[in-house]
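Worksheet: one structure, shown below.
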Amino acid sequence: MANVSRAAQAAELELSQYADKVPVEMLGGSAFPPIGQLPFLLTLPPYAFYWFLLASHDRMPSWHIQATEGLPELTTLVLRKRMEELLQAPASDTLQSAILPQYLPKRRWFAGKEGPIDAVRLCYGVRFGTATTPVLLSEIEVLSDGVANRYQLPFGLLPEEQINSALPQQLALSRVRRAHQVGLITDAFVLEPFIRAVLRACEDGMHLPCGNGEGELRFESTQQLAGLALNDDSSVRYLSAEQSNSSVVIGDQVVLKLIRRVNPGVHPELEMSAYLTAAGFANISPLLAWVSRVDEQGAPHLLMIAQGYLSNQGDAWAWTQNTLERAIRDQMEPSSLDADAHTDAMAELTGFAALLGQRLGEMHLLLAAPTNDEAFKPRPSDADDSERWSAQISAELTHALDLLAQHRDSLDSESQALVDDLQQQRDGLAQHIADLTRQAQGGLLMRVHGDLHLGQVLVVQGDAYLIDFEGEPARPLQERRARHSPYKDVSGVLRSFDYAAAMILRSASAVDLSDPARQARQRVARQYLHQSRHAFVEAYGLATAAMPHAWQQAEGERAALELFCLEKAAYEITYEAENRPSWLAVPLHGLHGLISTWGESE
C-alpha cells in the first residue's frame with residue numbers, strides 16, 4: 001500500500017477473503033487490527049507506504065478485544081409484574097434448561113466451556129436496582145461431570161426505549177414482555193443505573209436477605225468512598241465486560257469489579273487490599289467498598305469489590321512491549337534520532353525494573369512485619385516445608401518434562417535439542433530439588449501477591465503499582481491465602497521478563513524481517529533481559545535487606561530464588577502445553593537455562 005501524493009490519503013480495501021488474518025507491518029513487526037467482513041480502512045501520511053504480511057490469528061495485537069458473542073436467537077419470556085417471576089415456572093424452567101446452557105459457554109468468565117453442562121440451577125434472586133431498571137441479584141449453580149460451581153450473574157431488565165448501546169444487546173439472555181412493555185433481560189453489570197445503585201448501597205451499608213437458606217447480601221464501605229462524592233452524573237466506563245471478572249470505572253475515581261466465580265471463604269483480593277490499605281502502603285489501589293453474601297453458617301462469599309482508580313499509562317506488560325519497540329526503532333535508525341535515544345529507552349526499562357523491585361520489596365517488608373492478625377503472621381520455613389516443597393516441585397517438574405516429551409515433535413530443531421538435553425538430566429532432578437529446598441530452609445513464609453507478573457502491575461507516572469491480589473483463580477481460596485516464600489513473587493516477575501523478551505522475538509520470527517531488523521530485536525531482547533533482571537533483583541535485595549529471614553545455610557537466598565523460578569517455569573510449561581502450544585518454547589528455554597546452570601549463582 002503506497003501513497004504517492006503530497007497529501008494524506010485514506011483507502012478502504014476489500015479483504016473479506018482474508019477474514020481473521022492479522023496484517024503485520026513487515027518493517028517493524030507491528031500488528032494491525034484483524035481483517036473482518038467489512039472493508040479494511042487504512043490512512044497513509046504523504047509519500048508513505050505499508051508493507052504487510054497477512055499472519056495467522058495467533059498474531060493478534062495485545063490491545064485487541066474480541067467482539068462479545070451473543071446468542072443467535074433470543075427466546076421471549078413473559079412477566080406479569082415483577083422480576084422475581086424469573087425464579088418461578090415457566091420462566092425459570094426456560095432459563096435453566098434452555099437459555100443458560102447456551103449462554104454460559106459464550107462468556108469468557110465461564111470456566112466450564114470444554115465440558116458438558118449437566119444442569120443449571122438459579123440459587124436465589126434478590127430484587128435490587130430502580131423502578132425503571134429493575135435488577136435481580138443472583139447466583140447460578142452449574143453442574144458438570146458431577147462437580148458444581150457457582151457463578152454470579154445479575155439479571156437486569158432493560159426497556160426497549162432505553163437500549164442505546166450495543167453491549168446490553170450483545171449480552172442479552174432473552175427478550176421480555178411485561179404487560180405493554182417490551183425489552184431485554186441482560187447481564188445487569190452493563191447497565192449504568194445498576195453500577196450507581198451498588199455504590200449507593202455500599203455507602204448506606206445495605207443488608208438484603210436472600211431467602212432459600214442462602215443468607216444475606218451485605219454492602220459495606222470504607223470512609224474513603226463517601227469522601228469521593230460520586231453522583232448520577234459521574235461517568236461510567238467499562239474496562240472489559242468479558243474477562244474472568246468484570247470491571248467498570250466510575251468517575252475516574254473508583255474501579256468496581258464483579259467477581260464472577262463465587263466461592264465460600266475469605267477472598268484474598270479483599271483481605272490483602274484491606275490489610276495493605278490499612279497499613280498505608282501507597283502503591284496499590286486502596287480499598288473503598290465490597291459486597292458479600294454471608295451464608296447461614298457465617299461464611300463470606302465475595303461478590304464485588306471497589307477500589308481506587310489509578311490513572312495510568314497502561315499495565316507494565318503493554319508498557320514494556322511499547323518501550324522495547326521504541327528501543328528497537330531507535331537502534332535501527334540512530335541517524336534520525338538523538339544520540340542517546342536508544343540508551344534512554346533501555347534506561348527507562350532498566351529503571352522501571354529497578355523501581356518494580358523496590359516497590360515489591362517494600363510491600364514484602366511490610367507483610368513480613370510482626371502482627372496480631374493470624375492470617376498475616378510470618379514465620380520461618382522448617383524441615384516439613386522443605387519436604388513438602390521437594391515432593392511438590394519435583395512432581396511438577398517431572399510432569400512438565402513428560403509434556404515436553406509429548407510435544408517434542410511439534411517444536412523446532414533448536415527446541416527439540418533442549419528437550420532432549422533436559423530428558424537426559426531427569427535422574428538428578430529430584431536430588432537437585434531436595435538440595436535446593438534444604439538450602440532454602442529458614443526463609444520467611446508470609447502472605448504474598450501469589451500471581452505476580454507484568455500484567456499485574458500498573459505504570460502510574462513512571463511508578464509501579466501492584467494490583468489484582470486474588471491469586472491464581474484456578475486454585476482454591478484457602479490455597480491462595482496460604483503463606484509462601486516471597487521469592488514466589490520475585491520468580492513471577494523474572495519469568496515475566498522472559499516472556500516480554502520472547503514477545504518481541506516472536507515478531508521477528510513471525511514476519512520475514514530483514515536481517516538488520518531481526519538482529520536489532522535480538523540485541524535489544526538480550527540487553528533487556530540482562531539489565532532488567534539484574535536491576536530488579538538488586539533493587540529488591542536492597543529494599544528487603546532488613547527482612548528477618550533465618551536462612552540455615554549461606555546459600556539460602558540463591559537457592560530459594562532458583563527453586564521458585566524452577567517451579568514457575570514448570571507451571572508455565574504445563575499451562576502452555578495445555579492452552580498455547582505455540583508458546584511452549586518460551587518456558588522451555590527458561591527451564592533449560594535454570595537447569596543447565598545447576599550449582600551456579602544467579
Side-chain angles (χ1 to χ4, degrees), residues 29 58-59 62 317 320-321 324 327-328 349 353 393 396-426 428-429 432-433 436 452-455 487-488 490-511 513 518-534 536-537 558 561-602:
D58 63 4
R59 285 287 299 135
S62 60
W317 172 263
T320 296
Q321 290 299 310
L324 283 168
I328 294 165
L349 290 161
I393 297 176
E396 291 178 3
L397 278 170
T398 298
H399 181 56
L401 292 179
D402 290 341
L403 289 172
L404 287 174
Q406 293 173 21
H407 288 265
R408 179 189 181 279
D409 292 344
S410 64
L411 300 171
D412 58 48
S413 57
E414 180 187 0
S415 297
Q416 289 180 359
L418 297 184
V419 171
D420 294 341
D421 189 40
L422 288 174
Q423 301 300 337
Q424 293 174 8
Q425 302 192 57
R426 274 179 180 264
L429 183 65
H432 179 63
I433 297 300
L436 289 176
L452 190 59
H453 51 78
L454 291 175
Y487 288 96
K488 181 180 180 69
V490 174
S491 66
V493 175
L494 292 176
R495 293 295 311 134
S496 198
F497 288 160
D498 267 25
Y499 269 80
M503 188 70 177
I504 64 165
L505 292 178
R506 281 175 66 86
S507 296
S509 61
V511 183
L513 295 175
R518 192 184 307 277
Q519 291 165 8
R521 287 181 175 272
Q522 291 170 347
R523 285 195 300 272
V524 167
R526 286 195 299 268
Q527 187 178 357
Y528 164 72
L529 264 183
H530 173 74
Q531 293 183 1
S532 294
R533 288 175 64 92
H534 178 77
F536 172 78
V537 171
R558 180 203 60 80
L561 182 57
E562 182 179 348
L563 178 69
F564 292 105
C565 281
L566 283 169
E567 179 189 39
K568 186 67 174 176
Y571 169 83
E572 291 167 351
I573 286 172
T574 300
Y575 177 85
E576 303 298 7
E578 295 175 351
N579 297 280
R580 298 188 305 182
S582 63
W583 277 86
L584 196 52
V586 179
L588 165 61
H589 279 74
L591 179 62
H592 185 269
L594 289 164
I595 290 183
S596 63
T597 56
W598 281 359
E600 297 180 18
S601 299
E602 282 287 321

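This one's a predicted model, so the numbers in the text were calculated from it and none came from an experiment. Computed from heavy atoms alone, side chains included, the values below leave out hydrogens, waters and symmetry copies.
Between Tyr499 and Arg580 the shortest heavy-atom distance is CE2-NH2, 3.8 Å. Between Gly590 and Arg495, the shortest heavy-atom distance links the atoms CA-NH1, 3.7 Å. Residue Leu403 comes nearest to Thr574 through the heavy atom pair CD1-CA, 3.7 Å, listed as atom of the first residue, atom of the second, then distance. The heavy-atom pair separating Asp420 from Arg408 by the smallest distance is OD1-NE, 2.8 Å. Gln416 and Leu411 get closest at one heavy-atom pair: NE2-O, 3.0 Å.
At distances below 3.5 Å, not a single donor-acceptor pair connects side-chain atoms of Ser532 with backbone N or O atoms of Leu529. Under the 3.5 Å distance criterion, the side-chain polar atoms of Ser496 are matched with a main-chain donor or acceptor of Leu454. Looking only at distances, no side-chain donor or acceptor of Asp421 sits under 3.5 Å from a matching main-chain atom of Ala417. For the pair Ser491 (side chain) and Tyr487 (backbone), a donor-acceptor distance under 3.5 Å is present. Although no hydrogens or angles enter the test, the distance criterion places no donor-acceptor pair under 3.5 Å between the side chain of Glu572 and the main chain of Pro587.
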> After noting the C-alpha distance and the side-chain angles of Leu591 and Leu397, does the key distance pass the side chain to side chain contact (heavy atoms under 4.5 Å, CB included) rule?
Replying inline: CA-CA 9 Å; Leu591 179 62; Leu397 278 170; 3.6 Å; yes

> Checking side chain to side chain contact (heavy atoms under 4.5 Å, CB included) for the pair Val493/His453: CA distance, chi angles, key distance, verdict?
Replying inline: CA-CA 5 Å; Val493 175; His453 51 78; over 6 Å; no

> Passes side chain to side chain contact (heavy atoms under 4.5 Å, CB included), Leu566 versus Ile595? Steps please.
Replying inline: CA-CA 8 Å; Leu566 283 169; Ile595 290 183; 3.8 Å; yes

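Considering only residues two or more places apart in sequence or on other chains, Thr398 meets the side chain to side chain contact (heavy atoms under 4.5 Å, CB included) condition with Asp402, Arg426, Leu429. A search for side chain to side chain contact (heavy atoms under 4.5 Å, CB included) contacts involving Glu396 returns Gln392, Glu567, Ala570, not counting sequence neighbours. For Asp412, the side chain to side chain donor-acceptor pair (under 3.5 Å) test picks out Ser415, with sequence neighbours left out.
Checked against Val419 for a side-chain contact (heavy atoms from CB on, under 4.5 Å), the options Asp409, Leu401, Leu584, Leu404 give a single hit: Leu404.
For NE2 of His589, the number of neighbouring non-hydrogen atoms (other residues, nucleotides, ligands) closer than 6.0 Å is greater than 12.
A heavy-atom distance below 4.5 Å is found between the side chains of Tyr528 and Thr320. Considering only heavy atoms from C-beta on, Asp498 comes within 4.5 Å of Arg533 through its side chain. Proximity of Leu324 to Arg521: side-chain heavy atoms (C-beta onward) are nowhere separated by under 4.5 Å.
Using bins of under 30°, 30° to 60° and over 60° for the plane-to-plane angle, the ring pair Phe497/Phe536 lands in the perpendicular bin.
Going from atom CE of Met503 over to atom CH2 of Trp583 covers 5.0 Å, rounded to the nearest 0.5 Å.
Counted by atom type alone, His432 and Glu562 present one or more donor-acceptor pairs between their side chains at under 3.5 Å.
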